[in-house]
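Worksheet: one structure, shown below.
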Amino acid sequence: MNYRSDIRNIAIIAHVDHGKTTLVDAMLKQSKIFRDNQEVGELLMDQNDLEREKGITIMAKNTAVVYRGVKINIIDTPGHADFSGEVERVISMADGCLLLVDSVEGPMPQTEVVLRQALEKGLKPIVVINKIDRENSRTAEVLRLIQDLFLKLATSADQLDFQVLYTCATEGIAVCEPGAIGKDITPLFEHILEKIPPPQVESGPLQMLVSNLDYDSHKGRIAIGRIWRGKVAAHDPVVSLSAGGSVTHYEIGAVFTYLGLKRLEVAEAEAGDIVAVTGLEKVNIGDTIASPERPEALPRIEVGEPTVEMTFGVNTSPFAGREGRFSTARQLRERLYKELETNVSLRVQDTDSPDTFLVKGRGELHLAILIETMRREGYEFEVSKPEAITKVVDGKLMEPVEALTLDIKDEYIGVLTEILGKRQAQLTGMRKDGPGNMRLEFHVPTKGLIGFRSAFVTATRGEGVMNSTFLGYEARQGDIVSTRSGALVASEHGIAVAYGLSNAQGRGLTLIEPGTPVYEGMIVGLNSRLQDIPINVCKEKKKTNVHSSTSDIAIRLTPPVKLSLEQAIDFEVDDELVEVTPENIRLRKKLLAEAQRSRNISRARRSMKA
Ligand SMILES: Nc1nc2c(ncn2[C@@H]2O[C@H](COP(=O)(O)OP(=O)(O)OP(=O)(O)O)[C@@H](O)[C@H]2O)c(=O)[nH]1
Ligand SMILES: [Mg+2]
């Protein structure tokens, strides 16, 4: 075995929002990849539209900088628990990791999840306590908590001997001692060179593990991964070794390595480096690209199981086909199955109905991002309420459970513990977090978290922060009784008007504005009671011949509550659907006709009596 002292491969891991992508910015900016006066902006690696809008990283990505003649390949990963499949997918490209921890928040549940993965893979960690500029920063205590976490998770004694750095990623500053004055990010680069082992390499015929895929309209499919043995050059004959054991012959098109935000075309690349290659039309994530001389597969990437499922179906609303470019079952099915090529923790299944597909993901946000992406591409379809995925182990029905942390003002403790109690959550920890602030920790079944986010936002008036992380499977407890209020359901087809909506507002909240086209069975508001009620929002005020002054008084409506896609998915209950089109997100009853719905209710009552 040899080492490549000219390369280091590191993954940046942390809980959501602890500053990973900002730290990558700092490394890119200091490494003089940009011209001195070039405006480059922030969160440079979060290039996808949804990442920019939501301010979170969704997909893991590669970049590289050169420091003192050593190329540091950097893998930025998402911190949100729903995208932890991305971390599992890319972490094996690295030899070391930077574990970032916010100097106020300290280690969070997802910090533990990603650190466990990194240590199990044998990565050498460097701890980076970030956001040291924050007012309530408590670095000493945070470091102690990190040490506890390492004691719990380390798989070998030398993992306990980790370097700690303190950073302000937004300012591009790193220091080795808390309180020291720094001027740039140099100490971080120095420690990466010193502490992270250079890649071990083997000479011999090529072996490369595909960890990511990309597309280019000219170059076609691009396979990204680390070379473990040998080298690769343009026009080399290679084979790809797939999951089923099949072997496909290809010729490499071009070879690229990373530098800053670009890929550089190179003549060849050698073991230890992370590269992108073209020419392999059907290669998949997890496949090994090898020399035909010695076609030996590397261990495939293992990714955790999905925990939440929902159906994606052909749009069956009366407005179907009006707003989307792609709306047939065939188009929907093709798009969903294509997603599987890159979205590694997603699963798609056909169902008994040719118009409906079961889609499984790692959480509500994971599925919501897919829905939003498809809607922007021009698809229209309908989705059901997400449900936790149960499984049978040794004859026992099991369900996923999660660790939930809430950061809230202490006045909300009572109402939240009450809401969560009904959702089968158990309080596992509670501590003061600065004056008037509390951190609460719960153990809760995933099914109890579905629909909880909107209740949380309402209960805390949008001031709280919630985070949840998958823990594992446990014996399933009973059902949770839905506590959502009934829906105000449009009883007629037409255009909603102010008069009709003001009647609806007498019953509860409305979700639409005057002028909105509606159909029978569409949900236009939320009742203040538990039952659904039909309401005619298209009804105009009766015209009278007598011109009275009162009839001319404009109707004053409270502005409607507009639900985002994620809120709509969180809001819907079992007998409802969300209709998603490029232009609109509508909520509807599964059964549109009022007569049909009431027949169903009386049938259910009769069968309960029987
Ligand atoms: N005060 C302060 N804020 C910071 C610092 N580093 C990052 N932030 C802010 O923290 C927020 C989250 O930063 P990101 O870099 O997007 O965090 P991330 O870890 O990449 O988040 P995900 O990829 O979504 O998990 C942004 O608003 C940053 O400006 C820091 O050192 N100090
Ligand atoms: Mg990020």
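None of the values given here were measured: they were computed from a predicted structure. Order of appearance sets the numbers: ligands from 1, and atoms from 1 within every ligand.
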Taking distance alone, with no angle check, do [X] and ligand 1 share an N/O pair under 3.5 Å?
X      : result
Arg134 : no
Asp133 : yes
Gly79  : yes
Ala169 : yes
Thr167 : no
Lys131 : yes

Would the distance check show the side chain of [X] and the main-chain N or O of [Y] forming a donor-acceptor pair, the cut-off being under 3.5 Å?
X      : Y      : result
Glu265 : Phe256 : no
Thr469 : Ala81  : no
Lys195 : Leu193 : no
Asp214 : Ile222 : no

Original post:
Less than 4.0 Å between a side-chain N and a carboxylate O, is that true for Lys61 and Glu86?
Top reply: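 No salt bridge links Glu86 with Lys61.
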
Original post:
Is the shortest distance from a Lys or Arg side-chain nitrogen in Glu583 or Arg376 to a carboxylate oxygen in the other one below 4.0 Å?
Top reply: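 Salt bridge between Glu583 and Arg376, a charged N being under 4.0 Å from a carboxylate O: no.
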
Heavy atom of the protein closest to [atom] (residue, atom name, distance):
atom                    : result
atom 29 (O) of ligand 1 : Thr170 CG2, 3.7 Å
atom 18 (P) of ligand 1 : Lys20 N, 3.4 Å
atom 23 (O) of ligand 1 : Thr57 OG1, 2.7 Å
atom 16 (O) of ligand 1 : Leu43 CD2, 3.5 Å
atom 7 (C) of ligand 1  : Thr22 OG1, 3.5 Å
atom 21 (O) of ligand 1 : Asp17 N, 3.1 Å

Original post:
Is atom 26 (C) of ligand 1 in close reach of the protein, with a heavy atom under 4.0 Å away?
Top reply: no

**OP:** Tell me, yes or no, whether the heavy-atom count around Arg461 atom CZ, taken from other residues, nucleotides or ligands under 6.0 Å, exceeds 12.
**Re:**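 Not buried by this count: 12 neighbours or fewer within 6.0 Å.
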
Subject >> Pi-cation contact, Tyr215 with Lys338 (under 6.0 Å, within 45°) >> reply: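 Cation-pi check for Lys338 and Tyr215: passes.
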
Subject >> Test side chain to side chain donor-acceptor pair (under 3.5 Å) applied to Ser137 - qualifying residues, sequence neighbours left out >> reply: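 For Ser137, the residues satisfying side chain to side chain donor-acceptor pair (under 3.5 Å) (neighbours in sequence not counted) are Ser103.
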
Just which atoms of ligand 1 are under 4.0 Å from any heavy atom in [X]?
X     : result
His18 : 19 (O)
Gly19 : 7 (C), 13 (O), 14 (P), 15 (O), 17 (O), 18 (P), 19 (O)
Ile56 : 24 (O)

**OP:** May I ask whether Cys168 places a heavy atom under 4.0 Å from ligand 1?
**Re:**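 In this structure, Cys168 qualifies as a contact of ligand 1 - some heavy atom is under 4.0 Å.
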
**OP:** Please collect all salt bridge (Lys or Arg N to Asp or Glu O under 4.0 Å) contacts where either partner lies in residues 96-111, sequence neighbours excluded, each pair once.
**Re:**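 Counting only pairs at least two positions apart or across chains, the salt bridge (Lys or Arg N to Asp or Glu O under 4.0 Å) contacts touching residues 96-111 are Asp102-Lys131, Asp102-Arg134.
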
Original post:
Please, which pairs that meet salt bridge (Lys or Arg N to Asp or Glu O under 4.0 Å) have at least one residue in residues 176-193, sequence neighbours excluded?
Top reply: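 Of all non-adjacent pairs touching residues 176-193, those that pass salt bridge (Lys or Arg N to Asp or Glu O under 4.0 Å) are Arg68-Glu190.
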
**OP:** List the steps, then state whether salt bridge (charged side-chain N to carboxylate O under 4.0 Å, His left out) holds for Asp407 with Arg439.
**Re:** CA-CA 5 Å; Asp407 289 296; Arg439 153 117 16 124; 2.8 Å; yes

**OP:** Take Asp273 and Lys71 through the salt bridge (charged side-chain N to carboxylate O under 4.0 Å, His left out) test and state the conclusion after the steps.
**Re:** CA-CA 9 Å; Asp273 210 348; Lys71 175 159 76 171; 3.1 Å; yes

Subject >> Within-2.8 Å protein N/O/S contacts of the Mg ion (ligand 2) >> reply: Thr21 OG1, Thr57 OG1

Original post:
Which bit of Asn130 is near ligand 1, meaning a heavy atom under 4.0 Å away: side chain, backbone, both or neither?
Top reply: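 The answer is the side chain of Asn130.
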
Original post:
For the ring pair Phe312 and Phe381, is the centre-to-centre distance below 6.0 Å?
Top reply: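 Yes; Phe381 has its ring centre under 6.0 Å from that of Phe312.
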
Original post:
Arg362 pairs by side-chain contact (heavy atoms from CB on, under 4.5 Å) with which of Glu364, His366, Lys360?
Top reply: His366

